[in-house]
Amino acid sequence: MIILKTSDEIECIAQASRIVAECQKVLIGLIKPGMSTLALDKVTEECIRDLGGIPAFKGYRNYPNSLCASVNEEVVHGIPSHRVLKEGDIVGLDIGAIVQGFYGDGAVTVAIGEVDSQKVLLIDVTREALQKGLEQAIVGNRLSDISHAIQEHVERHGFSVVRDFVGHGIGRQLHEEPQVPNYGKAGQGPRLKAGMALAIEPMVNMGKPGVKVLEDGWTAVTTDGSWSAHFEHTITVESSGPPRILTACA
Ligand code: MF3
Ligand code: CO
């Protein structure tokens, strides 16, 4: 069942999402070669708590940290570690916060210093694909219109969309119905209604779409070793016009 949110509930999701966006801004401002992903995790947790939120990922199915930091061929759910970022790396920063029992969830992928142009393109295409998906998140459309728009943009650039992880409804739970795949035919699935809150999150590989989870039980990497990018926004479907993007940087 897809749970429609009241405007009060949406304000809680919005507050949680604003915290996510603020933390992203802080991380982007200080990330540089030589920093470990664990240092970024520490900043993330402090930032979420300073802003009045609770880190959403820490303890979620025993996930150990507040940040998912996925470097290069890591797709999502990279566990922060003493690994040091170096010039030329790319890193996905995925953050969740809880405010008054409601979740916000968002991710960006950033380049560390100078990064080769194909990888910059990978990041740009993934960000654009999210944007294309958001443009379809309008009342009366069907869910897979979002999925299809994302896939089409990605494949037009010769990259591939990850199948094994999908976006999701969001609210009192991090993952609610519906699942929001980043691939599929248009015109399928439930109609979008005002009050739906969705986390839309394309994961895009330079090579093949396959992924596998490492022995830590979390870190998903590409099976072919190609690099991967991830962007995510928490949004609400509005009664008319474009969605409200709750994790947009102020
Ligand atoms: N944005 C990711 C998701 O929706 C992050 C979850 S990390 C977890 O799945 F640790 F909380 F699972
Ligand atoms: Co998510």
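Note: hydrogens, waters and symmetry copies are ignored here, and every other heavy atom, side chains too, is used.
Here the side chain of S66 pairs no donor or acceptor atom with the backbone of D41 at under 3.5 angstrom. Looking at N141, its side chain does come within 3.5 Å of a backbone N or O of Q136 through a donor-acceptor pair. The main-chain N or O of K185 is found under 3.5 Å from a side-chain atom of S144 such that the two form a donor-acceptor pair. Counting only distance, with no hydrogens or angles, the side chain of S147 and the backbone of P181 share a donor-acceptor pair below 3.5 Å. Although no hydrogens or angles enter the test, the distance criterion places a donor-acceptor pair under 3.5 Å between the side chain of K5 and the main chain of I3. The closest donor-acceptor contact from the side chain of T234 to the backbone of A199 lies at 3.5 Å or more, if one exists at all. In terms of modelled atom types and a separation under 3.5 Å, the side chain of S70 and the main chain of G78 share a donor-acceptor contact. Listed for the N205 side chain is no donor-acceptor partner under 3.5 Å among the backbone atoms of S228. A donor-acceptor distance shorter than 3.5 angstrom exists from the side chain of D216 to the backbone of W218, with no hydrogens or angles considered.
When all heavy atoms are compared, the tightest approach of C23 to T44 is SG-O, 4.1 Å. Of all the heavy atoms in E73 and W227, the pair that sits closest is N-CD1, 3.8 Å.
The local environment of CZ in R61 is sparse, with at most 12 non-hydrogen atoms from other residues, nucleotides or ligands closer than 6.0 Å. Counted within 6.0 Å of CD on Q179, heavy atoms from surrounding residues, nucleotides or ligands total 12 or fewer; the atom is thus considered open.
Taking the charged nitrogens against the carboxylate oxygens, D145 and R142 have no contact shorter than 4.0 Å, which rules out a salt bridge. Electrostatic pairing of E128 and K132 does not count as a salt bridge here, judged by no charged N lying under 4.0 Å from a carboxylate O.
Taking the side chain as every heavy atom from C-beta outward, V115 and I123 never approach each other to under 4.5 Å. Counting heavy atoms from C-beta outward, N65 and I79 have side chains that approach closer than 4.5 Å. No side-chain heavy atom of T126 sits less than 4.5 Å from a side-chain heavy atom of T109. By the 4.5 Å heavy-atom criterion applied to side chains, T222 and K208 are not counted as neighbours. The shortest distance between side-chain heavy atoms of Q151 and R163 falls below 4.5 Å. Counting only heavy atoms from C-beta outward, the side chains of I90 and N72 approach each other to under 4.5 Å.
Side-chain polar atoms of H168 and D105 form a donor-acceptor pair below 3.5 angstrom. Side-chain N/O atoms of D224 and S226 include a donor and acceptor closer than 3.5 Å. H233 and T247 form a side-chain donor-acceptor contact under 3.5 Å, judged by distance and modelled atom types alone.
Between H77 and F165, a ring centre-to-centre spacing shorter than 6.0 Å is recorded.
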